[in-house]
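Report on the following structure.
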2 protein chains.
Amino acid sequence: MDWQRLITLQPTLAKIPETLKKLAEERNVDKGETLYRVGDQVRWMFSVISCELRLIRRNRNGMEIILQRSRSGFFGEASLTGGTYHCDVVVAEKGMLLQFPASAFRMALEESAEFRNAWIAHLAREVRRLRAQAERLCLRTTAERILHYIESEGVNNTLVLRQSRKAWAVELGLTHEALYRALRKMQADETLSIDGNQITLGQNN
Amino acid sequence: MDWQRLITLQPTLAKIPETLKKLAEERNVDKGETLYRVGDQVRWMFSVISCELRLIRRNRNGMEIILQRSRSGFFGEASLTGGTYHCDVVVAEKGMLLQFPASAFRMALEESAEFRNAWIAHLAREVRRLRAQAERLCLRTTAERILHYIESEGVNNTLVLRQSRKAWAVELGLTHEALYRALRKMQADETLSIDGNQITLGQNN
DNA sequence: CGTACTTTTGAATCGCATCAAATCTGGTGG
DNA sequence: CCACCAGATTTGATGCGATTCAAAAGTACG
């Protein structure tokens with residue numbers, strides 16, 4: 001397994017102890033596959049590399065509501081503590097993920113102080129990021145959300161986009177059309193300037 | 001300090017070791033007060049009991065963007081690891097909070113396995129909750145967000161509201177008017193039935 | 001008893017979603 | 001190397017639903 005490459009994609013993986021790394025497995029998953037069902041024992045901790053996973057709950061009409069959607073990073077951190085899943089986990093887009101035995105994961109957390117601290121830091125960062133995202137999604141207009149994103153995720157008033165604009169639109173809770181139009185208008189405004197995947201704030205914000 | 005009452009408000013407080021509890025301080029804060037500025041050393045870990053705190057960042061025009069807003073629970077978990085604040089923390093609404101010395105908090109995490117596990121579980125729950133909230137805020141219509149909220153936060157298709165509808169509207173990223181109107185319509189639809197603070201799903205969802 | 005806040009309803013406006021379609025892009029296989 | 005295809009990007013027209021502004025009624029609390 002090429003840990004070097006995986007770690008560049010996901011820095012938290014760097015802090016995983018060797019003993020746990022040895023137990024990790026790459027797994028290719030297909031669209032529609034169900035990784036877990038409600039009530040199943042938690043056996044694996046997943047780290048999404050290139051697929052899309054969804055944590056869903058079904059109501060009595062069989063309609064599903066999406067609780068989480070993940071295209072990268074650890075998935076189902078909350079299940080690690082408890083014993084069984086409260087939701088279903090399905091693959092929405094084929095690709096690859098890493099899986100670690102949950103018991104070994106828990107044990108590694110107990111035994112390695114370094115890993116444990118990295119894990120706490122990881123969760124805390126995730127909390128901060130998600131709180132900022134929720135705050136952003138409460139903003140009413142497209143332009144406000146874009147500015148908020150650049151000011152919170154960018155460095156030095158500049159954002160380097162690491163995903164397609166279409167994917168960005170999803171993260172911003174917008175349609176891609178709305179995003180494209182707003183970007184164009186804000187460029188005309190000189191609210192921001194765009195150079196490929198690099199977006200910089202101008203003076204009119 | 002009345003820990004019994006505080007714990008009912010915030011279960012995670014129950015797992016705090018006695019030594020750390022002794023170091024906790026109640027603190028009354030006034031609107032406009034600044035608890036921290038960018039670059040300050042992290043000295044305290046806060047737990048919001050009854051005020052509103054905001055984590056904000058200012059751009060060069062002095063305009064502030066809100067990164068987080070908290071009306072209850074731990075605040076600034078992410079700062080605990082690093083040494084200094086990357087944002088300002090201000091009081092948006094007067095009230096009371098608990099503060100723990102950050103160094104003692106970190107030490108307690110090292111020394112008490114029980115507390116540490118509780119903290120990891122707390123962070124993981126928070127991550128799950130926030131992911132669900134972000135997912136919900138991406139839904140387009142008021143009705144969808146309400147249903148999502150009940151299905152993810154409620155028990156047995158029933159939600160017991162622990163806050164005013166106005167505050168709920170903020171959590172849903174809506175104006176209170178939109179929420180009131182949607183609730184009324186959904187009652188007429190028999191999508192849900194409302195009895196005071198108890199909201200139950202009907203059959204038409 | 002008054003004040004502050006929540007709840008409720010109304011009317012007008014506007015921004016975004018939606019549907020549609022054209023163009024551009026990178027990657028695949030013949 | 002070119003043809004082709006899937007996906008991303010871009011632009012247009014339309015309608016709906018949420019915001020906004022306004023105001024009245026209800027409620028809690030000192």
Side-chain angles (χ1 to χ4, degrees), chain A residues 30-31 50-52 66 69 71 92-96 134-149 159-189 191-199 205, chain B residues 28 30-31 50-52 66 71 92-96 134-149 159-189 191-199 205:
Chain A
D30 267 333
K31 183 169 174 173
S50 68
C51 55
E52 178 177 319
I66 303 175
R69 189 190 314 240
R71 302 183 67 88
E93 200 177 285
K94 65 169 283 185
M96 199 264 279
E135 203 62 52
R136 180 161 54 240
L137 289 170
C138 286
L139 297 176
R140 313 284 182 209
T141 66
T142 304
E144 279 177 311
R145 291 192 200 172
I146 292 171
L147 290 177
H148 191 285
Y149 193 94
L159 174 75
V160 179
L161 253 200
R162 305 199 175 288
Q163 56 187 341
S164 72
R165 279 142 214 248
K166 212 173 172 185
W168 190 25
V170 174
E171 197 179 341
L172 290 170
L174 301 166
T175 58
H176 58 279
E177 295 98 324
L179 176 59
Y180 289 128
R181 282 188 254 261
L183 284 177
R184 160 168 290 275
K185 178 125 56 91
M186 292 166 88
Q187 248 181 316
D189 276 348
T191 309
L192 43 77
S193 60
I194 303 178
D195 176 16
N197 280 334
Q198 189 160 319
I199 303 179
N205 49 73
Chain B
N28 292 302
D30 268 333
K31 182 170 173 171
S50 68
C51 55
E52 179 177 319
I66 304 175
R71 302 183 67 88
E93 202 178 283
K94 64 171 285 183
M96 199 265 279
E135 204 60 53
R136 178 161 56 242
L137 288 170
C138 286
L139 297 176
R140 313 285 182 207
T141 67
T142 304
E144 279 176 312
R145 292 193 200 172
I146 292 171
L147 290 177
H148 190 285
Y149 194 94
L159 175 75
V160 179
L161 252 200
R162 305 197 176 289
Q163 57 188 341
S164 71
R165 280 142 212 249
K166 211 174 171 183
W168 190 26
V170 173
E171 199 179 341
L172 291 170
L174 301 166
T175 58
H176 57 280
E177 295 98 324
L179 176 58
Y180 289 128
R181 282 188 255 260
L183 284 177
R184 160 169 290 276
K185 179 128 51 91
M186 291 166 88
Q187 248 180 314
D189 276 350
T191 310
L192 42 78
S193 60
I194 304 179
D195 176 17
N197 280 333
Q198 190 159 318
I199 304 178
N205 49 73

Task: Length of the line joining Leu183(B):CG and dA18(D):C1', which is rounded to integer Å - done: 15 Å

Task: Length of the line joining Gln187(A):CD and dT9(D):C1', which is rounded to integer Å - done: 13 Å

Open item on the list: Treating Ser50(A) as the side-chain partner and Gly95(A) as the backbone partner, does any N or O pair qualify as donor plus acceptor under 3.5 Å?
Closed with: no

- [ ] Look at the side-chain N and O atoms of Arg184(A) and state whether any lies under 4.0 Å from the OP1 or OP2 oxygen of dT11(D).
- [x] yes

Open item on the list: Is it the case that the side chain of His148(B) and the backbone of Leu137(B) share a donor-acceptor pair, with hydrogens and angles ignored and the cut-off at 3.5 Å?
Closed with: no

Task: Pairwise 5' ranking along DNA chain C for Thr142(A) and Glu177(A), keeping only the more 5' one - done: Thr142(A)

Open item on the list: Is Tyr180(A) close enough to dT9(D) that one of its side-chain N or O atoms is under 4.0 Å from OP1 or OP2 there?
Closed with: yes

Open item on the list: Please find the pair of heavy atoms, one from Leu192(B) and one from Leu183(B), that lie closest to each other, and give the distance.
Closed with: CD1-O, 4.3 Å

TODO: Look at the side-chain N and O atoms of Thr141(A) and state whether any lies under 4.0 Å from the OP1 or OP2 oxygen of dG15(C).
DONE: no

Open item on the list: So does Leu147(A) get a backbone contact from the side chain of Arg136(A), meaning a donor-acceptor N/O pair under 3.5 Å?
Closed with: no

- [ ] Check the distance between dC5(C)'s C1' and Arg165(B)'s CZ and give it to me in whole angstrom.
- [x] 15 Å

Open item on the list: What is the separation between atom NZ on Lys166(A) and atom P on dA6(D), rounded to the nearest whole Å?
Closed with: 14 Å

Open item on the list: Suppose we call a contact any N or O donor and acceptor under 3.5 Å apart; does that hold for the side chain of Arg181(B) and the base of dG10(C)?
Closed with: yes

TODO: Starting from P on dG17(D), measure out to CD on Glu144(B) and report it in whole angstrom.
DONE: 11 Å

Open item on the list: Output the rounded distance in Å from CZ (Arg140(A)) to C1' (dG17(D)).
Closed with: 13 Å

Task: Spacing of His176(A) atom NE2 relative to dA17(C) atom P, expressed in whole Å - done: 11 Å

TODO: Measure from CE on Met186(A) to P on dT10(D) and round the result to the nearest Å.
DONE: 15 Å

